[in-house]
Amino acid sequence: NHGWAEESPSIKGTYKLVSRKLPDGTMLSGPDIVGLLTYTKTHRNFNLAWKDSTGHYRSYSVVSTYKLTTKEYMETPLLIISNIGISGEGITYTMTGSSQTVPVKMDGKRIEFKMPFDIVRGIPVSAVFDGDSFIGTQEGGFVDTFQKVR
């Protein structure tokens with residue numbers, strides 16, 4: 001150690017949804033599903049909207065602050081709007097939330113962690129950032145592929 005501060009990993013950027021793969025192999029893309037994820041140095045803004053198998057529109061949006069180190073990812077939600085219709089509750093709004101911290105696994109430029117607030121049917125979405133791509137996977141559910149916008 002030469003006294004240098006450990007450089008925090010960066011996931012800063014804007015990522016556009018390219019496709020969603022469903023468990024049965026069905027591939028969805030725009031206009032049936034649209035998503036954008038932006039990380040600044042301190043904030044996260046995530047918006048996703050899609051048409052479900054019954055033709056109803058669903059959406060999920062998050063605005064939060066975050067901190068990423070080589071060991072952990074901490075997120076504090078400022079706003080969550082959820083209309084995913086799983087239990088028929090309709091649209092829910094959460095305007096504040098307590099911080100959650102999850103472990104980070106790093107391998108070279110690859111950064112992996114479970115999103116603390118993006119939980120579908122009780123299963124968190126696993127996030128993998130690798131270069132210009134972001135993959136969000138919900139085990140037994142979907143695989144969302146995002147590409148960094150240049």
Side-chain angles (χ1 to χ4, degrees), residues 8-95 97 100-150:
S8 292
S10 177
I11 51 178
K12 282 195 308 191
T14 298
Y15 304 81
K16 179 183 174 195
L17 181 76
V18 176
S19 65
R20 168 172 280 185
K21 184 177 182 182
L22 299 175
D24 67 2
T26 301
M27 294 296 285
L28 299 176
S29 59
D32 296 321
I33 186 166
V34 176
L36 199 67
L37 167 66
T38 299
Y39 274 98
T40 68
K41 186 176 178 161
T42 56
H43 287 74
R44 170 182 178 227
N45 186 355
F46 178 64
N47 294 287
L48 190 67
W50 67 97
K51 236 188 227 183
D52 69 15
S53 58
T54 66
H56 291 94
Y57 283 101
R58 303 296 177 197
S59 62
Y60 183 72
S61 296
V62 178
V63 174
S64 59
T65 60
Y66 81 99
K67 184 171 185 187
L68 176 67
T69 70
T70 56
K71 296 186 176 25
E72 58 187 28
Y73 174 86
M74 182 185 77
E75 188 171 2
T76 306
L78 304 173
L79 169 66
I80 299 174
I81 303 171
S82 178
N83 178 25
I84 54 179
I86 289 171
S87 51
E89 73 278 4
I91 300 174
T92 60
Y93 297 88
T94 306
M95 298 292 281
Q100 298 276 346
T101 302
V102 295
V104 167
K105 194 165 90 182
M106 289 195 60
D107 184 9
K109 289 193 182 296
R110 189 174 192 273
I111 302 167
E112 186 176 349
F113 55 89
K114 293 197 184 308
M115 301 300 284
F117 297 100
D118 301 4
I119 299 171
V120 182
R121 294 180 186 88
I123 301 171
V125 173
S126 293
V128 175
F129 291 85
D130 196 354
D132 287 343
S133 72
F134 162 69
I135 308 289
T137 303
Q138 195 248 348
E139 202 174 304
F142 55 80
V143 177
D144 287 350
T145 301
F146 289 74
Q147 284 295 325
K148 197 176 256 192
V149 175
R150 291 278 169 215

In chain order, what residues pass the side chain to side chain contact (heavy atoms under 4.5 Å, CB included) check against [X], with sequence neighbours excluded?
X     : answer
Lys51 : Tyr57
Val18 : Gln147
Pro77 : Ile80, Phe117
Leu78 : His43, Val63, Thr65

Exercise. Mind checking whether Met115 and Val62 have side chains closer than 4.5 Å, heavy atoms only?
Worked result: no
Problem set entry | Heavy-atom check, side chain of Asp144 versus side chain of Val125, under 4.5 Å | no
Approximate separation, where rounding is to 0.5 Å, of [X] [atom1] and [Y] [atom2]:
X      : Y      : atom1 : atom2 : value
Phe134 : Leu37  : CZ    : CG    : 5.5 Å
Asp32  : Met27  : CG    : CE    : 12.5 Å
Tyr60  : Thr92  : OH    : OG1   : 8.5 Å
Met106 : Phe113 : CE    : CZ    : 11.0 Å

Residues which pass side-chain hydrogen bond (donor to acceptor under 3.5 Å, both in side chains) with [X], listed by chain and number, not counting sequence neighbours:
X      : result
Asp130 : none
Asp52  : Thr54, Arg58
Thr42  : none
Thr26  : Asp24

Seminar exercise, completed: ring-ring contact (aromatic ring centres under 6.0 Å, His included) filter on Tyr39, not counting sequence neighbours, yields Tyr66, Phe129
For this session: Only counting residues at least two apart or in another chain, list the ones meeting salt bridge (Lys or Arg N to Asp or Glu O under 4.0 Å) with Asp132.
Result: Arg150
Side-chain donor-acceptor pairs of residues 9-17 under 3.5 Å, sequence neighbours excluded:
{"residue": "Ser10", "atom": "OG", "partner": "Lys12", "partner atom": "N", "Å": "3.2"}
{"residue": "Thr14", "atom": "OG1", "partner": "Thr38", "partner atom": "OG1", "Å": "3.2"}
{"residue": "Tyr15", "atom": "OH", "partner": "Ile11", "partner atom": "O", "Å": "2.9"}

Problem set entry | Heavy-atom closest pair, residues Trp50 and Ile33 | CB-CG1, 3.6 Å
Problem set entry | Smallest separation among heavy atoms of Ser64 and Thr76, with atom names | CB-O, 3.1 Å
Exercise. Any salt bridge (Lys or Arg N to Asp or Glu O under 4.0 Å) pairs touching residues 101-118, not counting sequence neighbours?
Worked result: Arg44-Asp118, Lys105-Glu112, Arg110-Glu112
